[in-house]
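Quick notes on the structure that follows.
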Protein chains: 2
Amino acid sequence: MTTVHKSLTARTCDRLRMAVIESRYAPGERLRIEEICRDLQASSGAVREALSRLTAEGLVIAEPQRGFVVAPISRRDLTDLTEVRIDIELRCLHQSILHGDMEWEAAIIAARHRLGSLRNAFLTPGAPEAQTWHQLHAAFHDALAAACPNRWWLRLRQQLYVQSERYRRLSGPADETGRDVHAEHEALAEAVVGRDAARAETLMRDHLTRTTDILLGSRMPFAEDAEARSPA
Amino acid sequence: MTTVHKSLTARTCDRLRMAVIESRYAPGERLRIEEICRDLQASSGAVREALSRLTAEGLVIAEPQRGFVVAPISRRDLTDLTEVRIDIELRCLHQSILHGDMEWEAAIIAARHRLGSLRNAFLTPGAPEAQTWHQLHAAFHDALAAACPNRWWLRLRQQLYVQSERYRRLSGPADETGRDVHAEHEALAEAVVGRDAARAETLMRDHLTRTTDILLGSRMPFAEDAEARSPA
DNA sequence: GTTCGCGCAAATATACATTTTTTGTTGCTT
DNA sequence: AAGCAACAAAAAATGTATATTTGCGCGAAC
């Protein structure tokens, strides 16, 4: 059929999204067009267009006549984000449990297995396995929600997941003392496939809450911590 | 002294958004770059960038190497959208009632007054008052939710409102038999300012449900009820 | 009747010009 | 002498024009 050549703009957009999520650019940092042109081997038009798309995703902010900056972060934002995310994740999960079929269950089991094979690889950021772990983690959570029949809930869920992933990666090796993330995922998958909606939702809520609490406690370069030095 | 020059791209983006919302372009229609260049007196770069931003807002869809098309509509999409929207509007409203201060109340009263002065001007699409009515209607609903302290809820609310506005405008003069929209707004404002959260939420739910039911019953140019919208 | 190839139209990418912002310097005032 | 203001130069973002690539359709050949 037709060779699916993704346009250069799309590739650039994807790479930039990854770069922002992986915090290769710091929050609040100015994104100089020329600099990105060199780094990604693309021309200014493509870069501008890619940046524009990311604007509406909430990853970068366009300041008229002043270019683009990486969206800032703050404890407040993370708290707000988590509140909304819990609500929407739970809703997708609930719908998913109600409507999921056998294929959906199989996909969850498969995703859990892939993720489990890497265990706690996420603890060492920078390692190539950590990259893979994050992808598999996203795939696992996607699989859980996938059977939700309402496309808008899924769309919003996706948006919020990207945001949260940014925070997750931004923290250094966070203090995961006494936490067994793998076990949490196992229990979650178990409850979901077992169609125990109430239990699944509780587990999901705890899962998300715990992650955020750890991030809030970690030494993350939050913007407000730096405001004392450089008031905008 | 900074003269706030909105960049041409931003203006173009706004005008295109309006054009899509007002259905000056039909759902599914191809958006030819050159055509838009002529219409809006902008160059391809600017138009391209504007279109890209609208992509992530869900108003247009980018098909790689094939340009942009207006996001399609369907009964299914409208139903899904409404379900999500009710949930999020109610949540913002609830939070708003809990946290709103006197200024917030005053803004609601003012917005209600402005909207009331035009009464049912929205019934005659195309008229210049209808345009104004839609703006004031958006402002009224914005005012209701404005005191919600969680920026993410507000952001999602805004996204969904834009989508719903598109459907609202897309229908011709819909059958509003036996409906007094003005009265609904009055009652809503009354309950909200009176801090009667339960009643306000019921009224809001009914308000949104009724609108959607009418739209679903109207002869709207639904794209063969095709499930064409992909939330990716 | 199907398939291959040529040509046109449109989207994409790049190079260039313009405008705006920022920064660094100079000179004046306190 | 130190600090502020105005000005000038440089860097960066925005906007335009142009070249390249890709997709689509028509027609001819097998």
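The shown structure was predicted, so the numbers you read here are calculated from the model rather than taken from an experiment. First the proteins, then the strands, lettered A, B, ... as listed; each starts at 1.
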Donor-acceptor pairs are to be reported for all side-chain atoms of residues 35-43 of chain B against protein atoms at under 3.5 Å, with residues two or more places apart or in another chain.
residue : atom : partner : partner atom : Å
B:E35   : OE1  : B:R32   : NE           : 3.3
B:S43   : OG   : B:G45   : N            : 3.4

Exercise for the section: Starting from C1' on D:dT20, measure out to CG on A:L8 and report it in whole angstrom. Expected result: 13 Å
Exercise for the section: Please check the phosphate of D:dT16 (OP1 and OP2 only) for any side-chain N or O of B:S44 closer than 4.0 Å. Expected result: no
Practice task
For nucleotides 4-11 of chain C, just jot down a letter per nucleotide in 5' to 3' order: B, S or -, based on protein non-hydrogen atoms under 4.0 Å.
Solution key: ------SS
Practice task
Hey, could you give me each pair passing salt bridge (Lys or Arg N to Asp or Glu O under 4.0 Å) that has a residue in residues 20-31 of chain A? Not counting sequence neighbours.
Solution key: A:E22-A:R169
Exercise for the section: For the pair B:D87 and A:R91, find out whether any cationic side-chain nitrogen is under 4.0 Å from an anionic carboxylate oxygen. Expected result: yes
Handout entry: Rounded distance in Å - CZ (B:R11) to C1' (D:dG15)
Key = 11 Å
Handout entry: Between C:dT14 (P) and A:L40 (CG): distance, integer Å
Key = 12 Å
Practice task
Might you work through the salt bridge (charged side-chain N to carboxylate O under 4.0 Å, His left out) test for A:D14 and A:R17, ending with a clear yes or no?
Solution key: CA-CA 5 Å; A:D14 291 342; A:R17 183 186 295 109; 3.0 Å; yes
Exercise for the section: Assess A:R48 against A:F68: is NZ or CZ under 6.0 Å from the centre of the six-membered ring, and within 45 degrees of the ring's axis? Expected result: no
Exercise for the section: Please examine the side chains of B:E34 and B:S44, heavy atoms only from C-beta on, and report whether any two atoms are closer than 4.5 Å. Expected result: no
